[in-house]
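Worksheet: the structure to be examined is printed underneath.
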There are 2 protein chains.
Amino acid sequence: MLAAFGRVAEVGFEGLRLRQVAEDVGIDHSTLHHHFATKQDLVLAVAEYATRQFWVLGEGPADPVRALRAHLAGLLRMLDERPELFAVTVELDLRARRDPAVAEAMARHQAGWREVLSAVLAAGNAAGAWRAPLDVAVTTELVIAVVKGVRLAPETAGAVFAQLEDALIGTRGEQS
Amino acid sequence: MLAAFGRVAEVGFEGLRLRQVAEDVGIDHSTLHHHFATKQDLVLAVAEYATRQFWVLGEGPADPVRALRAHLAGLLRMLDERPELFAVTVELDLRARRDPAVAEAMARHQAGWREVLSAVLAAGNAAGAWRAPLDVAVTTELVIAVVKGVRLAPETAGAVFAQLEDALIGTRGEQS
DNA sequence: TAGGCTCAACCAAGTGGTTGGTGGAGATGC
DNA sequence: GCATCTCCACCAACCACTTGGTTGAGCCTA
């Protein structure tokens with residue numbers, strides 16, 4: 001019953017109404033309580049659904065440069081095809097400040113992401129793939145910041161990602 | 001009466017209650033309506049107050065490198081001293097998706113920011129101050145994305161900004 | 001007298017959540 | 001076959017409470 005996710009994307013958590021969600025699914029709002037005891041449970045389910053969507057980005061190529069490019073390309077495609085997903089992510093980041101349960105879900109999500117990125121960046125260091133050796137931890141945060149910062153502006157994402165790649169990798173080649 | 005801002009920072013727009021705001025100021029909630037006809041007006045006032053806070057970042061040094069560093073340093077200090085301000089900004093970005101008035105306010109805000117950044121980056125291009133000539137428009141978006149992406153994670157901002165400077169400026173010197 | 005602020009009381013429209021009950025599918029016993 | 005029982009998804013009605021907003025009257029200063 002995670003069509004509730006759609007509502008969050010549309011009206012945000014602020015406008016999330018159990019009755020509306022129930023109607024979307026075609027059931028009574030009291031029936032909804034049968035599946036999610038409380039509104040908080042629904043929110044949490046949305047959070048976990050949303051973060052799970054990023055699992056598709058799994059492992060990339062072994063080559064660090066191509067792995068980084070693939071990672072960003074994957075995000076870019078998602079950003080293009082499912083912008084609401086990223087909007088909800090912003091919403092969740094914000095909500096995590098007040099809702100410990102959401103905070104924990106998002107922390108898990110980001111820990112995984114951070115791990116993937118760090119691995120790629122460290123591998124690139126080992127292979128001398130970057131313009132210069134990188135501080136893995138900090139660069140990870142930089143990449144995350146860029147992605148997060150671009151979530152609500154999908155139009156600019158493509159160019160920004162390319163620029164970021166340029167800044168990290170030395171190559172100035174244009175890729176498809 | 002922009003102590004309402006504090007409430008937004010604390011509970012977000014989702015939890016913003018006119019009665020609570022009024023109580024903070026020590027007046028009745030109906031009196032609040034005397035100053036802000038509608039809740040929307042209050043929200044808009046908060047939006048304009050919040051964006052106005054960034055005016056203090058005005059002009060920087062003439063030298064592009066120092067201007068960029070000063071710009072980021074200024075943001076970093078604000079991020080450190082008034083993290084709520086940035087949290088509210090995120091909240092506003094999100095709200096702008098549904099509220100045209102807020103959207104317009106944020107658009108104005110960002111247009112100004114974009115202008116400042118573009119000017120600095122273009123000046124740096126002219127002076128050959130960067131590691132390599134930059135695409136001004138795209139790099140502007142990149143910097144904006146980084147700043148936006150770091151709004152909810154002030155701890156990482158310092159290192160991330162430094163890394164960004166490193167990537168744009170060629171110098172590898174450590175600054176205070 | 002007039003005008004700006006203030007409040008108490010009120011209102012309609014929701015809000016999340018609860019309760020008691022209906023009907024159908026599947027298992028069980030005979 | 002048939003009655004029974006249990007579980008599950010479901011709903012209508014309801015509840016206590018909150019919300020943004022309105023009204024009318026008082027207060028104070030000019």
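Lettering follows sequence order; numbering is per chain, from 1. Quantities reported herein were computed from a predicted structural model and do not represent experimental measurements. Computation of the quantities below employed the complete heavy-atom set of this structure, encompassing side-chain atoms and omitting hydrogens, waters and symmetry-equivalent molecules.
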For this session: For dC5(C), take OP1 and OP2 only and decide whether either is under 4.0 Å from a side-chain N or O of T31(B).
Result: no
Exercise. So what does G26(B) hit on the nucleic acid, given a heavy-atom distance under 4.0 Å: a base, only sugar-phosphate, or nothing?
Worked result: sugar-phosphate
Exercise. Using rotation axes that map the C1' atoms of four end pairs onto the next four (five pairs an end), what angle separates the end axes of the helix from dT1(C)-dA30(D) to dC30(C)-dG1(D), to 10°?
Worked result: 10°
Would you please name every residue forming a side-chain hydrogen bond (donor to acceptor under 3.5 Å, both in side chains) with [X], sequence neighbours left out?
X: E115(B); value: none
X: T38(B); value: none
X: D99(A); value: Q40(A)

With a cut-off of 3.5 Å and sequence neighbours excluded, list every side-chain donor-acceptor pair involving residues 142-151 of chain B.
from	atom 1	to	atom 2	distance (Å)
K148(B)	NZ	D93(B)	OD2	3.1
R151(B)	NE	K148(B)	O	3.0
R151(B)	NH1	D93(B)	OD2	2.8
R151(B)	NH2	D93(B)	OD2	3.1

In this structure, how many angstroms lie between the [atom2] atom of [N] and the [atom1] atom of [X], rounded?
X: L32(A); N: dA12(D); atom1: CG; atom2: P; answer: 15 Å
X: L42(B); N: dT19(D); atom1: CG; atom2: P; answer: 15 Å
X: E14(B); N: dT15(C); atom1: CD; atom2: P; answer: 13 Å
X: I27(A); N: dC8(D); atom1: CD1; atom2: P; answer: 16 Å
X: H35(A); N: dC7(D); atom1: NE2; atom2: C1'; answer: 14 Å
X: F13(A); N: dT15(C); atom1: CZ; atom2: C1'; answer: 18 Å
X: H34(A); N: dG16(C); atom1: NE2; atom2: C1'; answer: 18 Å

Under 3.5 Å, which protein N or O atoms sit close to an N or O of nucleotides 20-26 of chain D? Give each pair with its distance.
from	atom 1	to	atom 2	distance (Å)
dG20(D)	OP1	L16(B)	O	3.3
dG20(D)	OP1	K39(B)	NZ	2.8
dG20(D)	OP2	L18(B)	N	3.3
dG20(D)	N7	R19(B)	NH1	2.7
dG20(D)	O6	R19(B)	NH2	3.1
dG21(D)	OP1	T38(B)	OG1	2.9
dG21(D)	OP2	K39(B)	N	2.8
dG21(D)	O6	R19(B)	NH2	3.4
dG21(D)	O6	H29(B)	NE2	2.8

For this session: Check which hydrophobic residues are tied to L94(B) through side-chain heavy-atom contacts below 4.5 Å, counting indirect links as well, and list them.
Result: V90(A), L94(A), L152(A), V90(B), L152(B)
Exercise. Excluding sequence neighbours, so at least two apart, what forms side chain to side chain contact (heavy atoms under 4.5 Å, CB included) with P83(B)?
Worked result: P154(B)
Problem set entry | R69(A) vs I169(A), side chain to side chain contact (heavy atoms under 4.5 Å, CB included): CA-CA, chis, key distance, verdict | CA-CA 10 Å; R69(A) 287 217 159 99; I169(A) 313 166; 4.0 Å; yes
Exercise. Quick one: NE2 on H29(B) to CZ on R17(B), what's the gap to the nearest 0.5 Å?
Worked result: 13.5 Å
For this session: Could you list the residues that satisfy ring pair (Phe, Tyr, Trp, His ring centres under 6.0 Å) with H109(B), not counting sequence neighbours?
Result: F54(B)
